[in-house]
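What follows is one structure encoded as structure tokens, with my remarks underneath.
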Amino acid sequence: MSAMDAEFDTVASWTAEVALSLGPEFYLPAGCRGSGSPATLNWFTEQLDLQAADRMLDCGAGVGGPAEFASRHKGVEGVAPILTDPQAGACRAARLLFGLPTVQSASDLPFRTGSFDVAWSLGVLCTVTDQAHLLAELRRVLTPTGRLGLLVFVAAQPWLPDAPEGNDFPTQEGLRSLLAGAGFDVRTLVSAIDLGANPPSWTARVAAVEAELERRHGDDPRWLEAEQQSDKMGALLASGAVLATAVIAQSHRS
Ligand SMILES: C[S@@+](CC[C@H](N)C(=O)[O-])C[C@H]1O[C@@H](n2cnc3c(N)ncnc32)[C@H](O)[C@@H]1O
């Protein structure tokens, strides 16, 4: 099993089991452990001008917390995102915790051209080898004026020490050129650090989920591998070698 399978399949399933046992107020913080903070997710829903009638795709949705967050966002409660993720454990977790419609799929998106008004893909691009293909697929499934939100971990220097396995961080310039090549105009590109801190109650619930995961699975090699991946990512972010970057882009009119 690869480190990515451990992190995005096995640990996703365990996370859902832990959240179910802790109670409903833990579902959302548990489901957003993959990347999202409330401030970041609020920023995306507002910048994307999400409307209740929008057809929305969450590509690489993980445990499903960000999609559920969007569907509960004030004023757009009717929005019903469709989720994709290549990992069966992630799809199962999103269905178990939130009852959201999930499709197990990687970069070849199983949807007709122009099916969605809005798509987001949070913390996904740098885990994908064929980044240009994933962006082209996102462009294809969006309408000609579709809006795209991306949270991307961007390399701030040419060589990264001890990067987590399976990650390929584009530079900011590389990201802009990938987006242009796929048919997107960048509307906004900002550091996600500046979007705000998590409320203390949220942080406490994430910590409780992590403590319970550690208690149940702390000796399991798959947990240790996933933790090692996340520690490496944490070190790159803390040193500034990698920057969490939030992007809003729009399809070129064709
Ligand atoms: C860091 S997690 C982020 C999960 C979720 N978006 C979040 O913010 O909580 C990255 C996710 O991307 C998924 N992924 C990996 N390769 C993918 C691909 N080719 N297409 C779509 N998703 C992919 C992984 O399975 C994993 O669930």
Side-chain angles (χ1 to χ4, degrees), residues 1-16 19 27-45 56-70 81-95 97-98 100 102-111 119-141 148-154 163-169 178 182 192 195 198 202 206 209-210 226-227 229-234 236-237 242 244-247:
M1 172 178 275
S2 76
M4 304 265 273
D5 291 337
E7 193 177 4
F8 299 140
D9 189 18
T10 309
V11 175
S13 288
W14 291 345
T15 302
Y27 294 2
L28 210 47
C32 290
R33 278 183 70 239
S35 64
S37 69
T40 308
L41 295 171
N42 273 325
W43 183 87
F44 274 111
T45 48
M56 179 181 183
L57 171 67
D58 184 338
C59 175
V63 180
E68 177 68 9
F69 191 98
I82 292 182
L83 287 64
T84 64
D85 202 282
Q87 299 287 359
C91 293
R92 207 177 313 116
R95 285 197 299 270
L97 289 180
F98 307 115
L100 289 166
T102 60
V103 182
Q104 190 179 354
S105 125
S107 305
D108 289 323
L109 297 172
F111 305 109
W120 74 24
S121 190
L122 308 176
V124 177
L125 199 67
C126 59
T127 68
V128 172
T129 42
D130 191 354
Q131 298 176 344
H133 179 64
L134 178 60
L135 290 174
E137 276 290 273
L138 285 165
R139 170 68 188 86
R140 181 185 65 76
V141 301
L148 174 69
L150 292 178
L151 181 66
V152 185
F153 296 99
V154 163
E165 182 191 316
N167 282 261
D168 183 6
F169 305 103
L178 278 167
L195 302 177
N198 291 336
W202 177 280
V206 172
V209 170
E210 285 174 359
E227 281 294 278
Q229 288 277 98
S230 118
D231 289 349
K232 285 181 179 179
M233 190 68 200
L236 289 175
L237 286 165
V242 164
T245 304
V247 182

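First listed ligand is number 1; within each ligand, the first listed atom is number 1.
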Per-atom filter on ligand 1: closer than 4.0 angstrom to a heavy atom of Pro66 are 7 (C), 8 (O), 9 (O)
I'd like to check whether Gly60 has a polar contact with ligand 1, where a contact means an N/O of the residue lying under 3.5 Å from an N/O of the ligand. yes
protein heavy-atom neighbour closest to atom 1 (C) of ligand 1 works out as Gly123 O, 3.4 Å
Checking heavy-atom distances from atom 3 (C) of ligand 1 to each of Val63, Val124, Leu122, the winner is Leu122
Val128 heavy atom under 4.0 Å from ligand 1: yes
### Query
Is a side-chain N or O of Thr84 found less than 3.5 angstrom from the main chain of Ser105, in a donor-acceptor match?
no
Worksheet item: Do side-chain atoms of Asp85 reach the backbone of Cys91 as a donor and acceptor pair under 3.5 angstrom?
Response: no
In Leu134, Leu151, Val247, the residue satisfying side-chain contact (heavy atoms from CB on, under 4.5 Å) with Leu125 is Leu134
Rounded to the nearest 0.5 angstrom, the OG1-CZ distance for Thr245 and Phe153 is 8.5 Å
The protein heavy atom nearest to atom 15 (C) of ligand 1 is Thr127 OG1, 3.4 Å
Atom 9 (O) of ligand 1 has as its nearest protein heavy atom Gly34 CA, 3.4 Å
**OP:** Give a yes or no on whether the backbone of Ala12 and the side-chain of Arg33 come within a donor-acceptor separation of less than 3.5 Å.
**Re:** no
Within the 4.0 Å heavy-atom cut-off, what Ser121 brings close to ligand 1 is neither
The protein heavy atom nearest to atom 7 (C) of ligand 1 is Ser35 OG, 3.3 Å
- Quick check: does any side chain N or O of Glu137 sit under 3.5 Å from a backbone N or O of Asp108, one acting as donor and the other as acceptor? no
Ranked by distance from atom 17 (C) of ligand 1, the top protein heavy atom is Pro86 CG, 3.6 Å
Nearest non-hydrogen protein atom to atom 2 (S) of ligand 1, with distance, is Phe8 CE2, 3.5 Å
dist Ile82:CD1 -> Met56:CE (nearest 0.5 Å) comes out at 11.0 Å
among protein heavy atoms, the one nearest atom 25 (O) of ligand 1 is Asp85 OD1, 2.7 Å
So the atoms of ligand 1 within less than 4.0 Å of a heavy atom of Gln87 turn out to be 25 (O)
Discussion item. Check whether Glu68 reaches the backbone of Leu97 with its side chain - one donor and one acceptor, N or O, closer than 3.5 Å.
Written reply: no
Distance col, row Thr129:OG1 vs Asp168:CG, nearest 0.5 angstrom, shows 8.0 Å
When distances are taken from atom 20 (N) of ligand 1, the protein heavy atom at minimum range is Ala106 C, 3.5 Å
Hey, is the main chain of Glu165 close enough, under 3.5 Å, to the side chain of Gln229 for a donor-acceptor pair?
-> yes
task = Check whether any N or O atom of Ser107, backbone or side chain, sits under 3.5 Å from an N or O atom of ligand 1, and answer yes or no.
result = yes
